[in-house]
Amino acid sequence: MKSRHSGSHGPSAPGEVELLRLIRRRAQGSKTAELRLGIGDDCAILRPRAGEEIVVTTDLSLEGRHFRLDTHPPESVGHRALARGLSDLAAMGARPLAAFLSLAVPPELTVRNQGGKSWTERFYDGLFALAKVHKTPLAGGDLAQFPQVVADITLVGAVRKVRALLRSGALPGDLIYVTGKLGGAAAGLRILNEHDGFQDAVPAELSEILKPHLYPKPRIGQGKWLARYGAWWAALGTCISAMDLSDGLSIDLARLCEESGVAAEIDEAALPIAHGATLDEALHGGEDYELLFTAPADKKLPRKISDVPITRIGRVLPQETRRKSARRPRVTLLTGSGSVPLEPKGWQHFSRQS
Ligand SMILES: [Mg+2]
């Protein structure tokens, strides 16, 4: 963990040296056998088990784009920064080996309030709490001063050789499933914005609705389960494809179809819509971080994997060859009054301002 200071902000904020010490001490508490060397040297050293492949993913969390200082608790910002990366590992069926975080914060956010914690300490509280759940050590990173908060996280994971779940494995006839509920994160964000971030205490009846947005749960256990069973089925010539729902079902399913060269149809009535969410939020809302996966129709899946419900929401169809160049939607929604094309309307990075 290094610390850099931009010239325009002068010397480091009073709490920063102590902060670095605190981060290092807390990171040491999360060390694992596979992290041979963590924070303190020029590089971390990882030693995965024999017969494993390494998977790597990075994610940016930007103030004003992915969160707001005036509406999101700092613990939630830290939690979500790590959750985004862990969810990508889950989508591959990998287990986490280490996280690396480069964090830029305005100097005033490293200063403690009277007797309390600084924003940055509370950010790390949220990050370390989720890291503990998934046994993910913080193995390095960077800390810098900058006028806005930027959190750039890298997750390194391991998966048994050739067992990683890919987006490209869906075949016509396969069934489409999701873990958990859909639209909860979008509903939570809507409520958060409607109440301007709850400057006073959050009413008890709303706190549950906010959770999927503020504290999403990456599906690491479910991804590992799918990779294990997928490998077993692969011996029989069948396959599981998977991805995580970060941008919204409509756009993410279209991406999976694209990678697999297939089309898909979704049953509106089958969608597991989260409490308080609308159909639109379930179809197009992003950041649910549930897993979207396909499996052969003759393979029976449990109703739950590690206590998280699994719901069948549709099926994979062959891609019509005449559509290949037509750029028509690959995904169809079956409603009570017939079928309609499901236009991808999820969160497309850099395509709109928010
Ligand atoms: Mg992803």
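Predicted, not measured: the structure shown is a model, and the values here were computed from it. Start at 1 and go down the list; that is how both ligands and their atoms are numbered.
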Side-chain donor-acceptor contact under 3.5 Å, D152 with S102: no

Electrostatic pair D174-K299, nearest N-O below 4.0 angstrom: no

Strictly under 2.8 Å of the Mg ion (ligand 1): which protein N/O/S atoms qualify? D88 OD1, D244 OD1

Under a 4.0 Å N-O cut-off, is there an ion pair linking R312 with D267? no

A quick test of your reading: do over 12 heavy atoms of other residues, nucleotides or ligands sit less than 6.0 Å from OH of Y229? no

Does E52 have any side-chain hydrogen bond (donor to acceptor under 3.5 Å, both in side chains) partners at least two apart in sequence or in another chain, and if so, which? R95

Is E75 salt-bridged to R122, going by a charged N under 4.0 Å from an acidic O? yes

